Amino acid sequence: MPTLPAMTTNHIQRRAPAVEVRDLRKSYGAVEAVKGVSFEVAPGEVFCLLGPNGAGKTTTVEILEGYRTRTGGDALVLGMDPAHGERELRERVGIVLQQCGVQADLTVAELIEMYGRYHVRSRPVDEVIELVELTEKRDVRARQLSGGQRRRLDLALALVGEPDLIFLDEPTTGFDPAARRQAWSTIRSLCDLGKTVFLTTHYMDEAQHLASRVAVMNAGQIIAIGRPDELAGRDVRPAEIRFTLPAGWSLGDLPAVPSRSRSLDGDRVLVLTTEPVLAAHRITSWALERQIELGHFSVSQPTLEDIYLELTGSSAPNQVPEEVAR
Ligand code: ATP
């Protein structure tokens, strides 16, 4: 059994984490896929693992699901070591893989009922169907469902055993925008039921909408972890003020504003500022006084995607020169 002395002490002071990982390592021969990863997931949270292809996400998740063995470090899922494959753990964890095969000639209700019988405790079939919003498809055969409806059936099959923790692997890949919104609302309702959700996704808006915390993995390591709004100092990053200038006006004509930088690309101005209210006020007042039309005026904070791309080295940071004016 692994020894986790500090974690054990914490258990006495607060509710035990749903997932605890410390210095987790996994090598495939010479390939070090996971290089000493540590994090905790609190009960009831939606924890999201993000990262580019090959970052080590699947390896990490599958170690937690008990499908792969680790090379080093400690892992506890609902207080149990997933490597031991205990029945109690399998009962309390629901797993929704990207693709799972079901008997496609059975109906939605029949499949959920069948899966329910595999579990010691199970949620009533119609309650599960309602939860995943498949009521109208209750008596339809699995093979007749659309891709999005199939994914919701997969979720239903993972939920029927009343798991405390659910692993969702890219739950909305291939969904149309409306189906994604619907899936998000289902996932949120899982949290209302007190479930813990461990999510992997490639969609930043999904992480932004659903996650209480995100961890960004790259090359086998966690390079940032936190609330989506605060990740890597996102909340204190400069805001971006954008607008277009009409012909005849240049950057030098703009008023002095507190800014990190300002740049002009064609007729498009970008001002980076940590004081967006004051800067926007000065720029708009200046324009109004002169009756200048500023096109497409917007003020925005960096998105989670901006931060993610910066962290994973997929985009160069903004190179405009620094300039401060008050
Ligand atoms: P993706 O987003 O593409 O699914 P990932 O973040 O899930 O990527 P992993 O699948 O965990 O990444 O892979 C991490 C590294 O481990 C990669 O370099 C991959 O080639 C390697 N790897 C994964 N599984 C195996 C395996 N069974 N045998 C050998 N190498 C593997």
Side-chain angles (χ1 to χ4, degrees), residues 18-41 45-77 81-85 93-101 147-148 150-151 154-155 158 165-175 180 183-184 187 196-226 228 231-232 303-315:
V19 176
E20 305 173 75
V21 169
R22 182 155 316 155
D23 198 28
L24 186 71
R25 291 171 188 276
K26 173 71 179 179
S27 297
Y28 300 102
V31 177
E32 247 193 302
V34 178
K35 302 173 184 167
V37 155
S38 301
F39 61 87
E40 287 186 5
V41 180
E45 85 169 318
V46 179
F47 183 83
C48 179
L49 199 53
L50 296 173
N53 294 137
K57 305 179 299 294
T58 307
T59 302
T60 303
V61 172
E62 292 195 352
I63 289 170
L64 299 176
E65 292 170 343
Y67 292 141
R68 297 194 200 197
T69 52
R70 57 186 185 265
T71 318
D74 296 316
L76 288 180
V77 175
D81 186 336
H84 295 167
V93 170
I95 299 175
V96 185
L97 302 171
Q98 268 185 62
Q99 269 162 6
C100 36
R150 263 302 304 272
R151 300 288 286 138
D154 293 339
L155 180 59
L165 169 65
I166 300 139
F167 287 98
L168 294 176
D169 185 15
E170 299 188 21
T172 64
T173 296
F175 282 26
R180 293 183 70 215
W184 291 352
I187 294 167
T196 308
V197 177
F198 196 116
L199 176 75
T200 47
T201 182
H202 283 290
Y203 297 121
M204 296 300 139
D205 55 346
E206 188 155 290
Q208 175 71 55
H209 267 86
L210 291 176
S212 38
R213 279 187 315 133
V214 297
V216 179
M217 241 184 133
N218 199 18
Q221 289 174 317
I222 288 185
I223 53 172
I225 190 164
L231 195 73
T303 63
L304 184 59
E305 184 159 3
D306 295 332
I307 300 293
Y308 170 83
L309 292 173
E310 198 182 299
L311 281 168
T312 56
S314 312
S315 79

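Remember, it's 1-based here, ligands and their atoms both numbered in the order they're listed. Note that the structure is a prediction, hence the values are computed from the model and not measured. Along the sequence shown, residues are numbered consecutively beginning with 1.
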Quiz prompt | Protein non-hydrogen atom below 4.0 angstrom of atom 29 (C) of ligand 1 present | solution = yes
Practice problem: Using distance alone, determine whether Gly51 and ligand 1 share an N or O pair under 3.5 Å. | Solution: no
Quiz prompt | Close approach, Glu62 and ligand 1, non-hydrogen under 4.0 angstrom | solution = no
Quiz item: In terms of atom number and element, which parts of ligand 1 are under 4.0 angstrom from non-hydrogen atoms of Ala55?
Solution: 5 (P), 6 (O), 12 (O)
Exercise. Indicate whether atom 24 (N) of ligand 1 is within a distance of less than 4.0 angstrom of some protein heavy atom.
Key: yes
Quiz prompt | Donor-acceptor contact present, side-chain Lys35 to main-chain Ser27, <3.5 Å | solution = no
Quiz item: Nearest 0.5 Å, what's the CZ-CD distance between Arg151 and Glu170?
Solution: 8.5 Å
Exercise. Write down the atom of Val93, the atom of Ile95, and the distance for their closest heavy-atom approach.
Key: CG1-CG1, 3.9 Å
Self-check item: ligand 1 contacted by Pro52 (non-hydrogen, < 4.0 Å)
Solution: yes
Quiz item: When rounded to the nearest 0.5 angstrom, what distance separates OH in Tyr203 from NE2 in His209?
Solution: 14.5 Å
Quiz item: Do Thr200 and Asp169 have side-chain atoms, one donor and one acceptor, less than 3.5 Å apart?
Solution: yes
Exercise. Nearest 0.5 Å please: distance from the CG atom of Asp74 over to the CG atom of Asp23.
Key: 8.0 Å
Quiz item: Side chain of Lys57, backbone of Leu50: donor and acceptor closer than 3.5 Å?
Solution: no
Practice problem: Provide the number and element of each atom of ligand 1 under 4.0 Å from a heavy atom of Asn53. | Solution: 1 (P), 2 (O), 3 (O), 8 (O)
Self-check item: Atoms in ligand 1 flagged as close to Ala33, the criterion being non-hydrogen separation under 4.0 Å
Solution: 14 (C), 15 (C), 16 (O)
Practice problem: Evaluate the ring planes of Phe47 and Phe198, with Trp represented by its six-membered ring, and classify them as parallel (under 30°), tilted (30 to 60°) or perpendicular (over 60°). | Solution: tilted
Quiz item: How far is atom 14 (C) of ligand 1 from its nearest protein heavy atom, and which residue and atom name does that atom have?
Solution: Gly54 O, 3.4 Å
Quiz item: Who's closest to atom 4 (O) of ligand 1 heavy-atom-wise, of Thr59, Val31, Thr58?
Solution: Thr58
Exercise. Compute the minimum heavy-atom distance from Lys26 to ligand 1 and say whether it is under 4.0 Å.
Key: no
Quiz item: So how far is it from Met204 CE to Glu206 CD, rounded to the nearest 0.5 Å?
Solution: 10.0 Å
Quiz item: Checking side chain to side chain contact (heavy atoms under 4.5 Å, CB included) for the pair Thr172/Trp184: CA distance, chi angles, key distance, verdict?
Solution: CA-CA 9 Å; Thr172 64; Trp184 291 352; 4.1 Å; yes
Practice problem: Ignoring hydrogens, just give me the one of Glu170, Arg68, Met217, Lys57 whose non-hydrogen atom is nearest atom 2 (O) of ligand 1. | Solution: Lys57
Quiz item: With a cut-off of 4.0 Å, which atoms of ligand 1 are near a heavy atom of His202?
Solution: 2 (O)
Self-check item: Protein contact of atom 12 (O) of ligand 1 - nearest heavy atom, named by residue and atom, plus distance
Solution: Gly56 N, 3.2 Å
Quiz item: Got the closest protein heavy atom to atom 31 (C) of ligand 1, with its distance?
Solution: Tyr28 CD1, 3.3 Å
